[in-house]
Visitor: 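Pasting in a structure now, in structure tokens, and then I'll have a few things to ask.
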Amino acid sequence: EVLVAESGGGSVQAGGSLRLSCATSGFTYVDDWRVAWFRQAPGKEREGISCISRPDGRTYLADSVQGRFAISTDDAKRTVYLQMHSLKPEGAAVYSCAAANSQYACAGGTAEDQYDDWGRGTQVSVSS
């Protein structure tokens with residue numbers, strides 16, 4: 001089991017920035033893993049917005065956040081970051097990160113069914 005814990009959520013005005021962190025531990029292979037960010041707004045389906053893969057270095061950003069969000073990792077700390085700029089009111093949601101061992105979990109998208117371990121989520125509120 002991979003332990004996953006998000007932090008960094010909060011309230012910002014439209015156009016503002018936040019950086020979310022996803023701390024992980026317990027991957028089967030320390031250099032072979034995938035982590036993704038999802039978000040879910042009230043009454044809406046969960047949306048996969050970004051993922052990153054090691055050791056191949058593949059990343060993915062959904063069209064809805066392309067050009068405004070960036071995903072990165074501190075491999076030594078086993079932590080994945082989601083830097084969010086130009087936040088929009090429709091981006092208000094609970095943001096969750098999830099971990100996967102499968103190489104198919106971050107191959108051109110966030111294959112939600114490939115992610116086995118999930119954090120509790122962190123709330124992001126965006127006021128207009």
Side-chain angles (χ1 to χ4, degrees):
E1 179 185 8
V2 179
L3 299 180
V4 180
E6 308 92 340
S7 61
S11 298
V12 295
Q13 291 188 328
S17 299
L18 281 175
R19 188 178 79 159
L20 305 182
S21 300
C22 176
T24 70
S25 65
F27 277 107
T28 302
Y29 301 103
V30 295
D31 296 320
D32 188 347
W33 50 262
R34 286 91 208 147
V35 168
W37 284 98
F38 296 83
R39 67 184 179 187
Q40 188 166 23
K44 294 189 177 181
E45 292 187 358
R46 186 157 55 194
E47 175 189 13
I49 56 175
S50 187
C51 62
I52 189 166
S53 178
R54 286 285 187 267
D56 51 42
R58 284 182 294 191
T59 61
Y60 165 80
L61 283 170
D63 289 345
S64 58
V65 302
Q66 190 73 243
R68 300 184 297 116
F69 290 15
I71 192 168
S72 63
T73 179
D74 183 330
D75 289 352
K77 294 183 179 179
R78 304 285 188 264
T79 298
V80 174
Y81 303 100
L82 184 69
Q83 180 67 57
M84 307 186 293
H85 296 297
S86 302
L87 281 160
K88 302 177 181 180
E90 55 265 38
V94 174
Y95 284 69
S96 301
C97 66
N101 288 300
S102 168
Q103 62 178 314
Y104 302 109
C106 185
T110 53
E112 185 172 337
D113 61 341
Q114 298 290 322
Y115 289 87
D116 300 314
D117 300 291
W118 292 75
R120 293 184 177 183
T122 185
Q123 178 72 50
V124 172
S125 300
V126 185
S127 59
S128 57

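Since we're looking at a predicted model, the values are computed, not measured. Below, each value reflects all heavy atoms present in this structure, side chains not excepted, and no hydrogens, waters or symmetry copies.
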Visitor: Which is it for M84 and Y95 under the side chain to side chain contact (heavy atoms under 4.5 Å, CB included) test, yes or no, and what are the steps along the way?
Guide: CA-CA 12 Å; M84 307 186 293; Y95 284 69; 3.7 Å; yes
Visitor: Would you check, one step at a time, whether the test side chain to side chain contact (heavy atoms under 4.5 Å, CB included) holds for E1 with D117?
Guide: CA-CA 7 Å; E1 179 185 8; D117 300 291; 3.4 Å; yes
Visitor: Taking only residues at least two apart or on different chains, which pairs with a member in residues 36-56 satisfy salt bridge (Lys or Arg N to Asp or Glu O under 4.0 Å)?
Guide: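 For residues 36-56: R39-E47, R46-E112, R54-D75, D56-R58.
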Visitor: Please list all pairs meeting side-chain hydrogen bond (donor to acceptor under 3.5 Å, both in side chains) that have one or both residues in residues 119-128, counting only residues at least two apart or in different chains.
Guide: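 Listed by first then second residue: nothing to list.
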Visitor: Looking only at heavy atoms, which two atoms of E6 and S96 are closest? And how far apart?
Guide: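 Answer, listing the atom of E6 first, then S96: OE2-CA, 3.3 Å.
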Visitor: Linking I/L/V/M/F/W/Y whenever any side-chain heavy atoms sit under 4.5 Å apart, do V94 and L82 land together?
Guide: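 Each belongs to a different hydrophobic cluster.
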Visitor: Could I get the full list of side chain to side chain contact (heavy atoms under 4.5 Å, CB included) partners for P42, not counting sequence neighbours?
Guide: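 Once residues adjacent in sequence are excluded, P42 has no partner under the side chain to side chain contact (heavy atoms under 4.5 Å, CB included) criterion.
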Visitor: Checking side chain to side chain contact (heavy atoms under 4.5 Å, CB included) for the pair T73/V35: CA distance, chi angles, key distance, verdict?
Guide: CA-CA 10 Å; T73 179; V35 168; over 6 Å; no
Visitor: Considering non-hydrogen atoms only, spot the tightest contact between S50 and L61 and give its length.
Guide: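 That closest heavy-atom pairing would be OG-CD2, 3.3 Å.
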Visitor: Mind checking the OG-OH spacing from S53 to Y104? Nearest 0.5 Å is all I need.
Guide: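 It comes to 12.0 Å.
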Visitor: State, to 0.1 Å, how close A23 and T79 come at their nearest heavy-atom pair, and which atoms those are.
Guide: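 Reported closest heavy-atom pair: CA-OG1, 3.9 Å.
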Visitor: Please find the pair of heavy atoms, one from V2 and one from A99, that lie closest to each other, and give the distance.
Guide: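 Closest heavy-atom pair between V2 and A99: CG1-CB, 3.7 Å.
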Visitor: Check salt bridge (Lys or Arg N to Asp or Glu O under 4.0 Å) between E90 and all other residues, then give those that pass, not counting sequence neighbours.
Guide: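 Testing E90 for salt bridge (Lys or Arg N to Asp or Glu O under 4.0 Å), a comparison that skips the adjacent residues, returns none.
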Visitor: Kindly write out the residues that satisfy salt bridge (Lys or Arg N to Asp or Glu O under 4.0 Å) with R68, not counting sequence neighbours, or none if the list is empty.
Guide: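 Once residues adjacent in sequence are excluded, R68 has no partner under the salt bridge (Lys or Arg N to Asp or Glu O under 4.0 Å) criterion.
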Visitor: Applying side chain to side chain donor-acceptor pair (under 3.5 Å), name anything that partners N101, two or more places apart in sequence or on another chain.
Guide: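 With neighbours one apart ignored, the set is empty.
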Visitor: Verify the cluster assignment for V124 and Y81: are they in a single hydrophobic cluster under the rule of side-chain heavy atoms below 4.5 Å apart?
Guide: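 In one cluster: no.
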Visitor: According to ring-ring contact (aromatic ring centres under 6.0 Å, His included), does anything in residues 36-76 pair up with another residue at least two apart or in another chain? List the pairs.
Guide: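 Every pair satisfying ring-ring contact (aromatic ring centres under 6.0 Å, His included) with a residue in residues 36-76: F38-Y115, F38-W118.
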Visitor: Got a sec: does the CG of D113 have more than 12 other heavy atoms crowding it under 6.0 Å?
Guide: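 Atom CG in D113 is packed in, count exceeds 12.
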Visitor: Quick one: disulfide (SG to SG under 2.5 Å) pairs with a partner in residues 75-128, sequence neighbours left out?
Guide: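 Qualifying pairs: C22-C97, C51-C106.
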Visitor: Provide the full list of side-chain hydrogen bond (donor to acceptor under 3.5 Å, both in side chains) pairs with a residue in residues 12-27, sequence neighbours left out, each pair given once.
Guide: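 Qualifying pairs: S17-H85.
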Visitor: Closest approach of T59 and I52, non-hydrogen atoms and distance?
Guide: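 Scanning both residues, the minimum pair turns out to be CG2-CG1, 3.6 Å.
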Visitor: Should I71 and V80 be marked as a side chain to side chain contact (heavy atoms under 4.5 Å, CB included) after you check the CA-CA gap, both sets of side-chain angles, and the distance that decides it?
Guide: CA-CA 7 Å; I71 192 168; V80 174; 3.7 Å; yes
Visitor: Just jot down the side chain to side chain donor-acceptor pair (under 3.5 Å) partners of S102, sequence neighbours excluded, or say none.
Guide: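 Side chain to side chain donor-acceptor pair (under 3.5 Å) list for S102, sorted by chain: Q114.
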